[in-house]
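Report on the structure given below.
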Amino acid sequence: MPRKTVEIEPRVEYLSILDEHGVVDAALDPRLDGDLLARMFRYMLATRRLDERLINLQRQGRIGTYGPTRGQEAAQIGTAMSIGPEDWTAQAFREMGMMLVRGWGMHMPMFFWGGHEEGNVVPEGVNDLPIAVPVSSQTLHGVGIAWAMKLRKTNNVCLTYLGDGGTSEGDFHEAMNFAGVYSLPVVFIVQNNQFAISHPRRMQTRSKTLAQKALAYGFNGIQVDGNDILAVYVAAREAVEKARSGGGPTLIECVTYRLSVHTTADDPTKYRSEEEVRQWEKRDPLIRFKKYLMERNVLDDASVAGVEEDIRGQIKEAVDYYEAYEGVDPVDPFRYCLAEPSAELVAQQREFEAAMRAEGLMR
Amino acid sequence: MPRKTVEIEPRVEYLSILDEHGVVDAALDPRLDGDLLARMFRYMLATRRLDERLINLQRQGRIGTYGPTRGQEAAQIGTAMSIGPEDWTAQAFREMGMMLVRGWGMHMPMFFWGGHEEGNVVPEGVNDLPIAVPVSSQTLHGVGIAWAMKLRKTNNVCLTYLGDGGTSEGDFHEAMNFAGVYSLPVVFIVQNNQFAISHPRRMQTRSKTLAQKALAYGFNGIQVDGNDILAVYVAAREAVEKARSGGGPTLIECVTYRLSVHTTADDPTKYRSEEEVRQWEKRDPLIRFKKYLMERNVLDDASVAGVEEDIRGQIKEAVDYYEAYEGVDPVDPFRYCLAEPSAELVAQQREFEAAMRAEGLMR
Amino acid sequence: MAMLTMVKALNLALSEALREDADVVLLGEDIGQDGGVFRVTEGLLEEFGHDRVIDTPVAEAAIAGAAVGMALYGLRPVAEMQFSGFAYQAFHQVEGHVSRFRNRTRGRYSLPMVIRMPYGAGIRAIEHHSESREAYYAHTPGLKVVIPSTPRTARALLRAAIFDPDPVIFYEPKAVYRAMREEVPDEPEALPIGKARIVREGSDITFVAYGAMVRAAEEAADDLADLDGVSAEVIDLLSIAPMDTATILNSVEKTGRLVVIHEAPRRCGVGAEVSARVAESGIEHLCAPIRRVTAYDVLFPYFARERAHLPSSDRIVGAAREVLAF
Amino acid sequence: MAMLTMVKALNLALSEALREDADVVLLGEDIGQDGGVFRVTEGLLEEFGHDRVIDTPVAEAAIAGAAVGMALYGLRPVAEMQFSGFAYQAFHQVEGHVSRFRNRTRGRYSLPMVIRMPYGAGIRAIEHHSESREAYYAHTPGLKVVIPSTPRTARALLRAAIFDPDPVIFYEPKAVYRAMREEVPDEPEALPIGKARIVREGSDITFVAYGAMVRAAEEAADDLADLDGVSAEVIDLLSIAPMDTATILNSVEKTGRLVVIHEAPRRCGVGAEVSARVAESGIEHLCAPIRRVTAYDVLFPYFARERAHLPSSDRIVGAAREVLAF
Ligand SMILES: Cc1ncc(C[n+]2csc(CCOP(=O)(O)OP(=O)(O)O)c2C)c(N)n1
Ligand SMILES: Cc1ncc(C[n+]2csc(CCOP(=O)(O)OP(=O)(O)O)c2C)c(N)n1
Ligand SMILES: [Mg+2]
Ligand SMILES: [Mg+2]
């Protein structure tokens with residue numbers, strides 16, 4: 001009959017390996033092989049450059065509103081590289097780095113942000129979900145996929161991405177709870193980029209970390225320096241291994257920063273200071289990783305220049321493909337509404353086509 | 001750049017004062033005054049007897065499906081007695097004990113479970129919400145009320161009730177999060193009665209306690225023996241004082257047991273053992289509290305008999321009132337849809353009345 | 001052949017599907033151990049185990065959203081919402097995702113899944129347990145919406161829904177659950193989704209109904225025949241989306257008169273859609289106004305007042321007489 | 001008098017209400033510091049402070065549900081859903097509670113609250129940002145549903161909504177937000193909820209539209225006048241629920257012909273309701289089928305294809321000609 005403090009299990013950890021100056025914690029350095037490290041760098045740089053190009057395309061009116069990735073490359077690429085092609089991902093809408101790792105072509109974001117469903121046609125052989133716009137709604141799909149994996153007795157996992165803002169939605173809660181109850185092979189990756197549009201992290205929730213939200217569901221949470229790809233990768237690999245071997249879910253909070261606008265329709269000067277952005281620019285995940293790779297002789301100036309050159313070429317190719325695309329047919333929504341169009345849809349399609357012809361929009 | 005365990009704040013406590021044998025922890029005994037204790041007992045007994053009568057009325061077809069309270073009297077009455085009339089409550093659908101404390105007449109549950117909106121017409125002067133059927137949906141209303149209290153700079157609080165099943169709904173999460181972010185004067189009271197219909201607590205969530213869910217939102221949780229009205233009352237009083245003085249929300253998990261069926265339409269033999277029920281019957285909140293009161297000379301056999309007698313009379317009066325009620329007018333939904341009926345509602349009401357007349361259901 | 005209630009017929013369809021196809025899984029609140037609050041899933045946990053018949057926490061969005069994920073991975077989930085009145089907790093998943101994956105991914109993904117839920121009044125239940133809001137789903141492109149009216153149609157439509165390549169909202173009229181028995185064939189059967197059923201032929205007036213209202217429409221047709229010598233044709237829609245416009249138009253062409261019946265509120269209900277289709281494509285055959293006999297645009301009352309707010313055969317007869325007298 | 005866009009007109013109505021009534025509070029995502037993603041609430045935080053203009057976490061059910069609690073306590077909350085496409089996260093609160101408190105408590109409680117949300121296509125936004133689903137709310141008894149079409153009607157209806165004793169769903173056509181300016185009087189004005197507006201009188205055919213489609217209907221009327229010498233009457237519903245049936249019926253009595261226009265899908269949409277009301281109470285005046293010019297019953301496309309899926313003045317003209325030629 002006492003008054004006592006309840007011991008809370010499981011635990012919440014914090015992990016950082018490569019600091020913002022590019023100094024590595026030797027004890028924690030996973031000593032990844034050079035090839036893997038170089039691939040990580042290549043994806044990070046590709047994401048950065050493609051992001052810049054997309055902003056540029058938006059400014060020129062060649063795509064619509066675009067939501068940049070700048071600053072979040074380590075969080076996305078470090079996690080995405082921890083799984084294999086038979087594993088799955090459920091993304092939100094700012095995971096371009098992850099998509100590149102997973103094998104979406106560089107033209108895909110152009111289509112998506114250019115207003116084409118084509119940008120959501122997940123490439124054959126890639127086990128990802130399309131972009132999910134309603135905040136956190138995808139977390140439940142990730143859970144459902146992990147559940148199906150478990151029911152089918154595979155040892156695959158599903159990475160489920162969301163933002164700091166996403167942790168406030170009811171869907172996130174229900175997803176976390178189901179993941180815990182059924183001990184599902186799902187890893188929740190919260191990219192805490194400090195903002196939900198204009199709403200700062202500290203007003204998103206009162207808890208000290210987002211990682212500790214896992215305690216409410218009886219599994220582990222870990223907060224990592226999300227701009228440190230080594231820490232992100234190590235944490236993700238551990239969580240993925242745990243999930244694969246039947247250990248259930250993990251929540252990984254990647255502490256990072258949205259260095260750019262929320263979307264190109266956003267004006268962040270309304271809600272944050274230039275000074276704050278400058279502070280975070282010093283912690284840019286690319287700068288420190290490049291330094292680390294140079295010091296480890298994985299990269300040198302020449303190889304970096306080569307990678308830049310390759311990426312430039314790939315981006316150009318993607319833009320050319322996007323702009324030359326001639327598949328845009330407004331009848332498509334009738335084709336893809338149901339597997340077999342109903343009689344009423346056939347009739348409406350006829351009406352639609354007649355109207356289009358009358359308007360000269362179709363032959 | 002370390003790997004370290006994150007210190008989680010705030011805390012989760014456990015509290016029990018009066019054990020199932022009626023033995024009190026002298027150090028923790030709040031030594032409440034006899035009058036208060038006697039009132040507590042009276043409400044507990046009234047709730048128990050009214051509950052029995054309602055089951056009886058249901059069996060006789062005089063009301064519809066009914067959801068009993070048996071076993072949860074301490075959790076409800078202990079919390080409800082910790083606040084005053086200017087404070088508010090937001091209830092689910094099994095809080096009859098709380099309702100009696102707050103001043104709802106004994107006839108009200110008869111009307112509600114008898115299929116009459118009259119059972120949800122919160123008595124004038126009583127600051128409660130009506131019964132909310134959708135699980136956990138009321139938690140957000142409680143938060144809104146607490147928010148308005150804070151904006152209006154009152155020092156009132158809102159008690160918000162839910163069940164163990166209710167903690168799984170997205171609404172609960174969003175309510176807890178808003179309560180934390182805005183530091184609202186709300187106390188969440190989870191009556192963990194071990195079941196959500198047939199679904200056992202251990203499959204509702206993987207966390208060790210429900211109280212620890214508060215950690216996800218940055219405020220305190222406390223788990224109390226929910227069959228111990230002293231512990232419940234002490235925990236509630238502390239949480240209420242904290243909320244009143246600007247300290248923000250608390251989650252109280254009352255560990256209790258639904259001694260009866262989920263509703264009269266339910267057959268619990270499908271999902272739990274008689275043995276388990278018998279174990280919990282030994283922990284009945286009334287038995288231990290009565291023993292405590294007898295030992296403290298707050299009650300004796302004669303006074304208990306007197307209370308029983310009073311309650312019997314009150315219940316009879318309520319049943320008589322309910323059965324004599326003649327206000328049931330099917331036109332009411334037209335009267336209470338909008339403040340001023342629209343032209344289309346007036347026309348539909350006319351159509352409705354004509355149909356009723358044609359069917360001989362109305363003059 | 002067995003004489004089954006709708007509850008048993010649904011149970012049969014579920015057990016057949018579970019047996020035939022290892023991809024079929026059921027999930028929902030209290031569907032396993034308890035056998036469902038209406039006993040629709042009784043005995044299935046025992047036969048098929050916890051991996052096929054899954055009890056869930058109280059979280060409707062999770063039930064629907066996880067079913068989406070399962071379907072994407074290749075299963076055929078059949079999710080239960082315990083009551084249609086609590087399906088709105090999942091409405092964002094239904095509107096935002098269940099209906100959209102095929103179109104969004106240009107057919108790369110599809111969602112062969114069913115969301116079953118009991119709807120409608122008449123069983124003396126508490127608030128939120130008596131509404132009929134099929135129109136919400138019918139107004140949502142990308143969903144099929146199916147409503148059986150009898151045990152046999154329930155079993156055959158549920159089978160069709162489970163094996164349909166697209167998501168189906170399966171609305172079960174709980175007033176019919178145990179109200180009647182019907183012969184159900186021993187062999188599994190499926191009805192095509194999107195086809196209405198002419199329950200009884202007639203020449204003077206057309207009644208369009210579905211779910212529990214089919215019975216009321218039939219009674220009204222009986223009364224009209226007996227009392228007024230009027231011959232009413234009764235159409236049971238069975239599928240709300242897609243809707244079998246042809247059967248409705250053919251009937252109205254013959255009868256020239258139309259009454260639509262449903263339990264749902266009138267404004268923007270399925271009755272409005274039926275009426276609008278006829279006003280669009282069959283108006284030249286109409287000899288009279290189209291009447292809707294429905295619940296009213298007020299909150300559906302708690303059960304003490306519910307009977308007065310439900311379409312009755314008398315009200316249908318009344319509306320029919322007005323239309324016939326026009 | 002000032003020439004304002006709809007965005008500015010809404011901002012004006014909000015600031016007037018905040019100034020006049022200390023009970024008015026605004027809450028929503030990004031409405032404070034940021035001034036709203038469409039700038040509708042710009043400057044309000046600065047003028048009225050954090051207790052009146054409240055930025056919230058990303059949680060729509062909480063926004064709606066907390067607003068319910070605030071209204072119960074005596075405030076007049078005006079909640080914003082950032083886009084109508086994310087209001088479904090709160091749909092259970094709207095269907096289950098916002099619409100019900102007056103009836104449930106027999107008037108003991110009521111909910112003087114507004115839920116504002118931008119809806120509709122035409123601004124090249126990503127998925128979920130372009131749909132129009134007013135019918136979901138119109139089908140929900142206990143709610144009023146209001147849709148302005150111009151800056152002046154927006155300001156006057158928002159004022160009426162805020163001071164209405166009942167909950168109002170305030171649907172804002174974002175395609176109109178900055179597309180036009182209109183003179184708005186200096187003094188606050190309110191329009192009665194439930195009254196349609198005859199935008200232009202005519203004698204040959206009636207167009208019923210609302211929101212962004214009013215402009216398209218007017219253009220179609222212009223074209224018909226210019227090209228065919230046809231006189232079209234254009235009705236702007238302004239209020240979907242309650243709906244001003246009398247104005248529609250009066251017009252149809254005069255013109256005998258009706259085309260209903262909306263951006264929402266057709267099945268069980270507001271067009272069906274308008275059509276059904278006329279088929280019920282005005283059929284004797286109709287000389288031709290009622291046509292609906294709407295979006296189709298398919299998923300609304302991403303923006304590259306959106307124009308083709310929106311009712312255009314050409315399509316309205318086309319439908320009108322068919323009706324006129326009948
Ligand atoms: C359910 C829902 N509500 C609102 C929005 C509008 N919205 C788009 S992004 C966003 C903020 C999301 O913040 P966060 O989860 O931190 O992701 P980030 O944008 O930072 O990547 C909001 C509110 C939405 N897309 N979905
Ligand atoms: C949103 C919602 N989903 C489902 C139901 C059906 N239902 C009624 S009570 C209940 C279980 C609730 O469990 P709990 O919260 O533990 O409360 P208890 O019944 O134990 O008091 C369920 C699932 C409901 N009322 N609301
Ligand atoms: Mg963010
Ligand atoms: Mg419980």
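Note on naming: letters A, B, ... go to the chains in the order of the sequence lines (proteins, then strands), and numbering restarts at 1 for each one.
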Legend entry - Max heavy-atom pair count under 4.5 Å with chain C, selected residue of B:Ala196, B:Pro333, B:Cys337, B:Gly64: B:Pro333
Inset, instruction - With a 4.5 Å cut-off on heavy-atom pairs, point out which of C:Gln82, C:Glu127, C:His128 contacts chain B the most. - result: C:His128
Inset, instruction - Test side chain to side chain contact (heavy atoms under 4.5 Å, CB included) on C:Asp297 and B:Gln348 and set out the steps. - result: CA-CA 8 Å; C:Asp297 293 316; B:Gln348 283 194 8; 2.8 Å; yes
Inset, instruction - Examine the side chains of B:Tyr271 and C:Asp30 and answer whether a donor and an acceptor come within less than 3.5 Å of each other. - result: no
Inset, instruction - Please state whether the side chain, the backbone, both or neither of C:Phe86 comes within less than 4.5 Å of a heavy atom of chain B. - result: side chain
Inset, instruction - Determine the minimum heavy-atom distance between B:Glu117 and C:Pro301, stating which atoms define it. - result: OE2-CA, 3.3 Å
Inset, instruction - Give a yes or no on whether the ring-centroid distance for C:His309 and B:Phe352 is below 6.0 angstrom. - result: yes
Inset, instruction - For chain C, find which of B:Thr65, B:Thr263, B:Val328, B:Ile131 contributes the most heavy-atom pairs closer than 4.5 angstrom. - result: B:Val328
Legend entry - Closest non-hydrogen atom pair between B:Gly165 and C:Val58, with its separation: O-CB, 3.7 Å
Inset, instruction - Name the region of B:Asn120, side chain, backbone, both or neither, that has any atom closer than 4.5 Å to a heavy atom of chain C. - result: side chain
Inset, instruction - Could you look at B:Glu344 and say if it's the side chain, the backbone, both or neither that has a heavy atom under 4.5 Å from chain C? - result: side chain
Inset, instruction - Side chain from CB out, backbone as N, CA, C, O: work out which of these in C:Glu42 comes under 4.5 Å of a heavy atom of chain B, or both, or neither. - result: side chain
Inset, instruction - Answer yes or no: is there an ion pair linking C:Arg292 with B:Glu351, defined by an N-O contact shorter than 4.0 Å? - result: no
Legend entry - Minimal non-hydrogen separation, B:Asp267 against C:Arg39, with atom names: CB-NH2, 4.1 Å
Legend entry - Within 6.0 angstrom of B:Gln279 CD, more than 12 heavy atoms from elsewhere: yes
Legend entry - For chain B, the option from C:Leu299, C:Val37, C:Ile126 that forms the most heavy-atom pairs under 4.5 Å: C:Ile126
Legend entry - Step-by-step salt bridge (charged side-chain N to carboxylate O under 4.0 Å, His left out) determination, C:Arg305 to B:Glu118: CA-CA 12 Å; C:Arg305 293 166 172 89; B:Glu118 283 81 343; 2.8 Å; yes
Inset, instruction - For the residue pair C:Tyr302 and B:Phe112, establish whether any side-chain heavy-atom pair is separated by less than 4.5 Å. - result: yes
Legend entry - Spacing of C:Phe303 atom CZ and B:His116 atom NE2 [to the nearest 0.5 Å]: 7.0 Å
Legend entry - Contact check, side chains of B:Ile197 and C:Glu29, non-hydrogen atoms, under 4.5 Å: no
Inset, instruction - Provide the closest heavy-atom pair for C:Pro57 versus B:His199 in the form atom of the first, atom of the second, distance. - result: N-NE2, 3.6 Å
Legend entry - Contacting region of B:Ala358 [heavy-atom separation from chain C under 4.5 Å]: neither
Legend entry - Heavy-atom pair with the smallest gap, counting every atom of B:Pro330 and C:Ala308: CB-CB, 3.6 Å
Legend entry - Largest heavy-atom contact set with chain C, pairs under 4.5 Å, which of B:Gly114, B:Ser136, B:Gly119: B:Gly114
Inset, instruction - Taking the side chain as every heavy atom from C-beta outward, state whether B:Glu359 and C:Arg307 have any atom pair closer than 4.5 Å. - result: no
Inset, instruction - Heavy-atom distances under 4.5 Å only: say whether C:Gln33 touches chain B with side chain, backbone, both or neither. - result: both
Inset, instruction - Using a cut-off of under 4.5 Å on heavy-atom pairs, state which of B:Met203, B:Met356, B:Gln204, B:Gln349 scores highest against chain C. - result: B:Gln204
